[in-house]
Amino acid sequence: MTTWQERFSASMMRTLSTPLAMLVRGEGCYVWDDTGKQYLDFLAGIAVNSLGHAHPAVVAAVSEQIGTLAHVSNYFASPPQIELAERLKRLTGASDAGRVFFCNSGAEANEAAFKLARLNTGGTVQKPRTRILALHDAFHGRTMGALALTGKPHMREAFEPVAGGVEHIDSTTLALEAAIDNTVAALFLEPVKGEAGVIDLPDGYLRRARELCTEHGVLLILDEIQTGIARTGAWFAYEHAGILPDAVTIAKGLGGGVPIGALVTFGAASDLFTRGQHGSTFGGNPLVTRTANAVLSVIEDEHLVENAERRGRELRAIIGGLGSPLIDEVRGRGLLIGVGLTEPVALKLAAAAMDAGLIVNAANESSIRIAPPLIVGDNELAEFEKRFGLALSSL
Ligand SMILES: *Cc1c(COP(=O)(O)O)cnc(C)c1O
């Protein structure tokens, strides 16, 4: 009899490595594999399943909307689409002058943002600017424009030439000050570098970036695809710095599992795109926008922004309290946590966690990424402590 691993490797594109398990069902913060083994899911589909698995509000939204009106094309509006755009303007702080473009993934949101950047003249010169700044080791997605922004040469090299004009700089205010001037169209930043292993920006970086971008007419574009939608204990991570960007890209946690991305613009950046300059067939269809509205309602009604902040603090204390010599530091904010290890054993540790019934992610060889659903409570934290402790002591 052929195993699912054999069927997977015979039919799936070789871009993917062999999966860690065959998952068949989920409920709340738990998932089950095809052998009936239960796992505590502290990765949440990489910060996607904001409300965990099979949340009744998501189930109801998807079921009702697909039985009512699933897709209409961009020749037509639908009530959930406009409602979601209005909510995102409010939650991001873009307010009345904001605008929203809907797409289907993080990379697509960054593609839209890349095109937005190309339209920036800084209000001073006639010709759009072509220089774009991004950070070394940043991750912005795998499509050609998003890949050009991604600061990981090993992901880019086989596919060059990618979209031009992007310069990668170190994550210091000094490097930014040296590179930025009025020939730059946009600065792309992740407030916390998630794929790099949950790496925080230096203190004060975002504020300084805001000042410099304003001074030089550069668009400050924040990629909050991983950090947004309450993940860091604020609706958006830039709130911690007390700033607003010119644009923010959103995806992962917005749909609670359905594919949706969004670009939200602030102020004058909302006037850059004109009719016909961008589009997406599926973008903002009633099915996904209805579901995202349901996700946002639960986050608001059940105070999950506050929960992310509180449980993040508790989780940090638990990890520190395990007293393992393998743990070097705990990074990140809210429920986006990076555990820096003293040895390059992240893959082994993540595998040991799977054995102990816990899903966490080896973001690189010496970093574990932890991103549980925003609904985690006392019971899940207690289970995490047991299972992560077991995994650590088994190495
Ligand atoms: C996941 C991610 C992306 C890419 O999103 P996809 O939906 O995989 O295209 C881009 N930027 C950041 C910060 C991400 O975490």
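Atoms within a ligand are numbered from 1 in the order they appear, just like the ligands themselves.
Taking each heavy atom of Ser297 and Arg87 in turn, the nearest pair found is OG-NH2, 2.9 Å.
Contacts of ligand 1 (protein heavy-atom distance under 4.0 Å) are Ser105, Gly106, Ala107, Asn110, Phe139, His140, Gly141, Glu190, Asp223, Ile225, Gln226, Lys252.
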Less than 3.5 Å apart, which donor and acceptor atoms pair up between the side chains of residues 19-26 and the rest of the protein, not counting sequence neighbours?
none

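Thr227 and Glu224 share a donor-acceptor pair across their side chains, judged by distance under 3.5 Å alone.
Crowding of Asp301 atom CG: a count of heavy atoms from other residues, nucleotides or ligands under 6.0 Å exceeding 12.
A search for salt bridge (Lys or Arg N to Asp or Glu O under 4.0 Å) contacts involving Glu383 returns Lys386, Arg387, not counting sequence neighbours. The side-chain hydrogen bond (donor to acceptor under 3.5 Å, both in side chains) search around Lys348 returns none, not counting sequence neighbours.
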